[in-house]
Amino acid sequence: MRLAHRLVWAGTPVPRMYITQEYTLGFTKYAEKLNGRLAVIGFISLIVLEILTGV
């Protein structure tokens, strides 16, 4: 029996920790998703600014 099993209440699953190292520079899924979200926020804010100011 491992130490983790003795520290957890009976009937509850053993907590697991997954550590993944991912290369975060370049065209990653996270960068593309963040870029898309920021573009939508900028586009919507420009439309709202256009409606409010009438310029």
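Taken from OG1 in Thr28 to CG in Asn35, the straight-line distance is 10.5 Å, to the nearest 0.5 Å. In this structure, the separation between CG on Leu38 and CG on Leu34 is 4.5 Å, given to the nearest 0.5 Å.
Cluster annotation: Leu52 and Ile44 are assigned to the same hydrophobic cluster (Ile/Leu/Val/Met/Phe/Trp/Tyr, side-chain heavy-atom contacts under 4.5 Å, transitive). Linking ILVMFWY residues whenever their side-chain heavy atoms come closer than 4.5 Å, directly or via other members, places Phe43 and Ile51 in the same cluster.
Checked against side chain to side chain contact (heavy atoms under 4.5 Å, CB included), Ser45 has no partners two or more places apart in sequence or in another chain.
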